[in-house]
Amino acid sequence: MQLDERKTKILQAIIRNYLETGEPVGSRTISKYTDLNLSSATIRNEMADLEELGYIIQPHTSAGRIPSDKGYRLYVDSMMQENERQVEELKEMLVEKEEKMDHLLKQVAKVLANNTNYATMVTAPRYQRNKLKFIQLSKVDAKQILAVIVVEGNVIKNSIIPVEENLNEETMLKLNILLNTHLNGLPIEEINLGMVTALKQQAGVHGSIIGDVIDAVAETIKEDEDLEIYTSGANNIFKYPELAVQDKASELINAFEEKQLLSKLVEDSQDSSNNNEIKVYIGEEAPIQTMKDCSIVTANYEFGDGMRGTIGIIGPKRMDYDKVVGTLKSIKVQLDSMYNDDSQKG
């Protein structure tokens with residue numbers, strides 16, 4: 001059901017007030033907060049409808065209302081459609097060309113945390129090795145061949161494969177043609193067991209070599225799985241009573257210290273049909289169970305040629321979404337442009 005203008009304004013007023021105070025919002029507060037000039041009784045009726053529709057909840061009897069995850073979702077979606085403002089904070093820091101990427105990204109995480117008063121994370125950019133560019137097999141000696149595997153981003157992997165017989169040049173040529181005809185330009189995820197079996201059959205007595213080459217391709221993709229993640233502001237969690245409960249806070253702090261869970265967030269953020277979109281996870285939408293009481297906003301930045309990193313901000317559900325989204329847009333634009341500027345200068 002699409003909300004009418006009056007309900008939408010009341011819901012927005014409830015959310016904005018709750019974001020500012022962290023306290024349940026009553027009808028009298030809303031009557032002063034909006035420009036609708038409605039009585040408290042009318043506002044109470046509208047709030048009852050919003051509660052019935054699942055956009056707000058009443059945490060205690062005779063208390064005001066607070067937004068539900070559904071209410072936050074509607075607010076965020078509307079805000080992101082209408083709000084195209086770019087926050088220009090941090091530009092000067094990002095324009096300065098840091099000699100070391102890790103220093104730059106640590107600074108980005110730190111300044112973001114100071115700027116937003118939330119917890120932040122930034123990942124180092126890495127190649128998204130989606131497609132196999134080509135494979136080249138060549139003889140090393142009678143018992144070994146060299147497989148040179150090149151994937152998107154011009155990442156190269158060399159693998160020595162033992163063989164049981166001395167392969168002649170004609171056989172090497174046929175194997176090269178077989179592999180490249182079927183695998184060149186293919187997304188890695190499409191290289192499945194059925195395709196490998198068919199290639200082995202076509203290779204005949206040399207089917208085991210095909211299997212070894214495919215295994216080498218798989219190893220190439222696995223390489224560099226250790227994702228470098230820079231974090232800052234984890235202690236900001238204690239500033240928000242709803243997250244400062246001992247068990248919740250310790251779980252969140254552990255997630256930032258161990259960082260393994262954060263990689264799930266990065267994978268989810270980058271695993272999208274539109275990798276350039278800003279994503280907002282509210283409550284249960286988060287891919288990390290320990291963050292189900294939080295809101296998370298992520299953005300991916302591009303360093304060209306399939307090289308991508310992720311920026312994330314983690315805070316309470318009542319975070320300042322406008323500021324967070326605007327800040328991430330600005331950071332993303334600056335990081336994207338750093339690569340483009342360097343490319344043009346080169």
Side-chain angles (χ1 to χ4, degrees), residues 123-229 259-276 287 300-310 339 343 346:
T123 72
R126 62 176 181 176
Y127 286 108
Q128 305 300 304
R129 302 170 182 181
N130 297 325
K131 293 182 181 179
L132 186 64
K133 294 187 77 171
F134 67 87
I135 298 170
Q136 181 177 327
L137 303 182
S138 57
K139 285 180 63 174
V140 176
D141 54 40
K143 294 295 183 181
Q144 298 181 109
I145 61 174
L146 172 67
V148 178
I149 300 159
V150 182
V151 296
E152 194 172 38
N154 292 327
V155 178
I156 300 172
K157 165 75 173 180
N158 295 328
S159 181
I160 297 292
I161 297 174
V163 292
E164 296 180 357
E165 61 176 295
N166 189 4
L167 302 176
N168 58 36
E169 292 301 323
E170 183 181 358
T171 300
M172 294 296 299
L173 178 61
K174 287 180 178 178
L175 289 174
N176 273 307
I177 291 173
L178 177 64
L179 286 165
N180 287 291
T181 299
H182 290 85
L183 301 181
N184 273 18
L186 198 66
I188 299 300
E189 58 271 16
E190 292 184 17
I191 304 176
N192 53 39
L193 182 59
M195 181 177 293
V196 174
T197 301
L199 287 173
K200 284 183 175 181
Q201 289 175 348
Q202 291 184 55
V205 294
H206 304 300
S208 61
I209 297 175
I210 297 294
D212 290 339
V213 172
I214 299 298
D215 288 342
V217 171
E219 286 301 314
T220 301
I221 307 310
K222 287 180 183 176
E223 267 197 356
D224 231 8
E225 277 190 343
D226 290 336
L227 181 63
E228 191 69 51
I229 303 178
K259 298 184 180 179
Q260 185 176 2
L261 288 174
L262 294 180
S263 64
K264 294 181 181 178
L265 178 61
V266 176
E267 289 172 10
D268 192 87
S269 177
Q270 295 188 358
D271 183 20
S272 169
S273 58
N274 183 1
N275 289 312
N276 290 320
N300 297 322
Y301 65 92
E302 299 279 352
F303 262 32
D305 201 17
M307 209 173 178
R308 184 181 303 131
T310 299
Y339 172 83
S343 297

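- Remark: Lys200 engages no residue in a side-chain hydrogen bond (donor to acceptor under 3.5 Å, both in side chains) (not counting sequence neighbours).
- Atom CD of Gln136 is separated from atom CE of Met172 by 9.0 Å, given to the nearest 0.5 angstrom.
- Residues Leu262 and Thr123 are not in side-chain contact: their nearest non-hydrogen atoms beyond the backbone lie 4.5 Å or more apart.
- Gln201 pairs by the side-chain contact (heavy atoms from CB on, under 4.5 Å) definition with Thr197, not counting sequence neighbours.
- Within 6.0 Å of NZ on Lys174 lie no more than 12 heavy atoms contributed by other residues, nucleotides or ligands.
- Rounding to the nearest 0.5 Å places CG of Leu179 at 6.5 Å from CG of Leu199.
- For Thr310, the side-chain hydrogen bond (donor to acceptor under 3.5 Å, both in side chains) test picks out Gln270, Asn300, with sequence neighbours left out.
- Considering only residues two or more places apart in sequence or on other chains, Pro162 meets the side-chain contact (heavy atoms from CB on, under 4.5 Å) condition with none of them.
- Note that CD of Gln202 is 4.5 Å distant from NE2 of His182, once rounded to the nearest 0.5 Å.
- Residue Ile161 holds its CD1 atom at 9.0 Å from CD1 of Ile210, rounded to the nearest 0.5 Å.
- Remark: the backbone N or O of Lys264 is not paired with any side-chain donor or acceptor of Asp268 at under 3.5 angstrom.
- Annotation: the span from Met195 atom CE to Leu193 atom CG amounts to 11.0 Å, rounded to 0.5 Å.
- Listed by chain and residue number, nothing satisfies the side-chain hydrogen bond (donor to acceptor under 3.5 Å, both in side chains) test with Ser263 (two or more places apart in sequence, or in another chain).
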Between side-chain atoms of residues 141-149 and protein atoms elsewhere (two or more places apart, or another chain), which donor-acceptor pairs fall under 3.5 Å?
| from | atom 1 | to | atom 2 | distance (Å) |
| --- | --- | --- | --- | --- |
| Asp141 | OD1 | Lys143 | N | 2.8 |
| Asp141 | OD1 | Gln144 | N | 2.9 |
| Asp141 | OD2 | Gln144 | NE2 | 3.1 |

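- The two residues Tyr301 and Pro125 make their nearest non-hydrogen contact at OH-CD, 3.1 Å.
- Here Ile209 contributes atom CD1 and Glu165 contributes atom CD; the two are 6.5 Å apart, rounded to the nearest 0.5 Å.
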